[in-house]
Amino acid sequence: MTLGNLCCMMTAMVRPVSRVLRLGCVLAFCFQVLVPCGLPGAWGLDNGLAMTPTMGWLHWERFMCNVNCQEEPDSCISEKLFQQIAEIMASDGWKDVGYEYICIDDCWMAPERDSKGRLQADPKRFPGGIRHLADYVHSKGLKLGIYADVGNKTCAGFPGSFGYYDIDAQTFADWGVDLLKFDGCYCDSIQHLAEGYKQMSLALNRTGRSIVYSCEWPLYMRPIFKPNYTEIREYCNHWRNFPDIYDSWESIKNTLDWTSSNQKIIVPVAGPGGWNDPDMLVIGNFGLSRDQQITQMALWAIMAAPLLMSNDLRSISPEAKALLQDKDVIAINQDRLGKQGYQLRKEDNFEIWERPLLNLAWAVAIVNLKEIGGPRSYTITLTSLGRGLACNPNCLITELLPEKRKLGFYEWTSSLKTQINPTGTVLLRLERTSSAQFSYSVVSDSL
Ligand code: GLA
């Protein structure tokens with residue numbers, strides 16, 4: 001075990017310890033030994049949560065604000081929908097691979113607060129109330145997420161939390177909620193926006209319940225103001241930077257383009273406890289081809305993005321399910337080094353992305369952006385990967401997507417030829433090997 005690993009393990013193990021101890025020991029140790037630890041320059045929100053990107057399901061992209069349970073009982077925003085999805089998440093392998101949070105988005109509320117000023121669920125669509133739903137979700141070994149808004153109204157026009165931060169945080173804690181997505185609509189000034197996001201973070205903390213805090217703060221600051229990510233990271237476990245994802249290739253491309261164009265600013269701030277959130281996985285819906293779904297899965301792993309699916313798990317295809325449950329790809333997303341990947345280069349309609357992983361391993365994604373023709377080949381010089389170190393002196397390369405297969409041992413000075421479908425991605429994992437391992441493999445291959 002390297003010092004770097006030990007340091008990162010310490011970071012991962014410190015959840016229940018007191019705030020002072022946690023900061024004191026870990027930071028002192030990590031900075032003293034000066035090893036790459038995955039810790040960004042500033043320490044993040046100190047609630048011990050989201051040490052790896054959050055995984056779960058969020059209703060918005062697929063089910064939006066459908067409140068018509070009379071005509072569409074199976075797809076309206078109701079406790080029945082969340083109970084059915086929770087049931088499947090627990091029984092169909094989703095929980096086993098890490099999808100843990102089942103999250104309610106906008107449109108769960110009644111149009112008015114109760115007589116004590118508390119938010120309440122729509123009584124027709126959530127007859128048992130949120131406490132009851134949380135109990136059900138917890139009984140399945142899962143966690144419940146909920147949605148509210150920093151301003152006067154939610155984006156869909158339900159009651160906002162402005163002026164009610166403490167009451168709402170306490171209500172969510174009393175109900176047993178485990179994650180809050182806090183939207184930024186209908187906020188009347190930039191000061192109220194920033195203060196509101198901070199105050200809600202502190203209010204959640206004061207409840208004493210562990211509640212992941214998912215923000216949209218930087219998104220609502222743009223384009224007029226420049227987000228202060230050091231500050232945002234101190235208050236939020238993840239944060240949306242870019243407008244809502246849609247079920248289309250155009251939307252995936254825009255999200256990736258925005259991320260790579262802003263990577264100098266946003267990549268260094270991501271790390272255990274605080275992540276950039278490029279929005280939901282739309283795999284398993286209607287708008288993406290098989291190759292485009294592979295691209296979303298691979299790139300969300302490279303970007304260390306929260307993996308919040310928005311799809312209908314009751315009717316998902318076996319192919320989409322296998323992709324979303326791919327343990328090797330999830331392992332890259334959840335890598336404990338906690339460093340977000342970045343775009344290394346872009347040429348001739350190819351994009352090369354890479355992400356450093358624990359134990360000096362690297363993930364590499366090659367995307368073919370050309371939307372005409374058939375599969376195209378791209379040859380990678382291995383010296384160009386991982387700041388020259390990914391394959392130094394040798395490495396074992398495994399292709400994870402589109403298919404899992406061992407490609408074998410490679411020397412530092414060699415190159416690798418790949419074939420990529422239009423709008424598809426090849427995702428690779430590179431593990432450094434010693435010269436001894438390499439010679440052994442070459443000899444045993446030739447026997
Ligand atoms: C905003 C958010 C979305 C979703 C909707 C709900 O657009 O960015 O993710 O929560 O509001 O109204």
Side-chain angles (χ1 to χ4, degrees), residues 53-68 75-78 81-82 85 101-111 119 121-122 125-126 130 144-162 168 172 177 179-188 190 192-194 196-197 200 211-225 227 232 236-248 250-252 254-255 258-259 262 266 275-283 285 287 296 300 303 305-312:
T54 304
M55 290 178 67
W57 184 92
L58 175 61
H59 94 239
W60 186 254
E61 194 287 322
R62 178 65 190 253
F63 295 96
M64 302 194 72
C65 192
N66 184 349
V67 292
N68 188 351
S75 48
C76 68
I77 307 312
S78 67
L81 174 68
F82 294 96
I85 299 288
Y101 289 83
I102 170 155
C103 304
I104 308 172
D105 207 288
D106 207 345
C107 307
W108 61 271
M109 296 173 197
L119 290 170
D122 182 281
R125 293 181 287 119
F126 292 83
I130 303 294
L144 184 71
I146 208 160
Y147 166 101
D149 190 285
V150 70
N152 294 306
K153 281 192 273 181
T154 73
C155 298
F158 291 86
S161 294
F162 184 71
D168 290 354
F172 299 145
V177 162
L179 177 149
L180 173 65
K181 171 173 172 176
F182 209 37
D183 213 337
C185 277
Y186 298 106
C187 201
D188 54 14
I190 196 73
H192 281 159
L193 185 86
Y197 270 105
M200 185 49 115
I211 300 178
V212 172
Y213 187 39
S214 167
C215 301
E216 299 201 31
W217 182 0
L219 166 62
Y220 286 92
M221 290 187 75
R222 292 207 172 84
I224 303 173
F225 299 93
I232 289 167
C236 303
N237 289 122
H238 24 99
W239 48 86
R240 286 268 310 280
N241 294 307
F242 189 70
D244 297 1
I245 203 143
Y246 278 53
D247 185 13
S248 73
E250 188 66 20
S251 176
I252 303 294
N254 289 342
T255 308
W258 187 90
T259 304
N262 291 277
I266 65 166
W275 310 97
N276 290 294
D277 177 6
D279 213 359
M280 296 158 272
L281 290 168
V282 293
I283 295 165
N285 291 320
Q296 190 184 28
W300 262 235
M303 292 189 293
L307 296 182
L308 293 167
M309 307 177 280
S310 194
N311 48 20
D312 192 343

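Index from 1, following the sequence. Only heavy atoms go into these numbers, but all of them, side chains included; no hydrogens, no water, no symmetry mates. Atoms within each ligand, like the ligands themselves, are counted from 1 in listed order.
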**Prompt:** Can you tell me how far the CG atom of N311 sits from the CG atom of L58, to the nearest 0.5 Å?
**Reply:** 10.5 Å
**Asked** Does D244, backbone or side chain, put an N or O under 3.5 Å from an N or O of ligand 1?
**Response** yes
**Complete:** Numbered in order shown, the ligand 1 atoms found under 4.0 Å of a heavy atom of E216 are 2 (C), 8 (O), 9 (O)
**Asked** Is it true that the side chains of Y147 and D105 contain a donor and an acceptor less than 3.5 Å apart?
**Response** no
**Fill in**
Closest to atom 11 (O) of ligand 1 among protein heavy atoms sits D183 OD2, 2.8 Å
**Request:** Could you tell me whether D106 and ligand 1 have an N or O pair separated by under 3.5 Å?
**Result:** yes
**Request:** Taking only heavy atoms of W60 into account, list the atoms of ligand 1 that are under 4.0 Å away from them.
**Result:** 4 (C), 5 (C), 6 (C), 12 (O)
**Request:** Quick one: list whatever passes disulfide bond (SG atoms under 2.5 Å apart) with C155, sequence neighbours left out.
**Result:** C185
**Fill in**
atom 9 (O) of ligand 1 sits nearest the protein heavy atom K181 NZ, 2.7 Å
**Fill in**
Under 4.0 Å between heavy atoms, the region of D279 that gets near ligand 1 turns out to be neither
**Request:** Would you mind running through ligand 1 and noting each atom that sits below 4.0 Å from a heavy atom of C155?
**Result:** 1 (C), 11 (O), 12 (O)
**Prompt:** In terms of atom number and element, which parts of ligand 1 are under 4.0 angstrom from non-hydrogen atoms of R240?
**Reply:** 8 (O), 9 (O)
**Asked** Has the side chain of N285 got a donor or acceptor atom that lies under 3.5 Å from a matching backbone atom of G287?
**Response** no
**For atom 10 (O) of ligand 1, closest protein heavy-atom neighbour** = D105 OD1, 2.6 Å
**Item:** Pair W239-N276, side-chain donor/acceptor within less than 3.5 Å
**Value:** yes
**Prompt:** Is any side-chain heavy atom of L119 less than 4.5 Å from a side-chain heavy atom of F172?
**Reply:** yes
**Complete:** Applying disulfide bond (SG atoms under 2.5 Å apart) to C103 and not counting sequence neighbours gives none
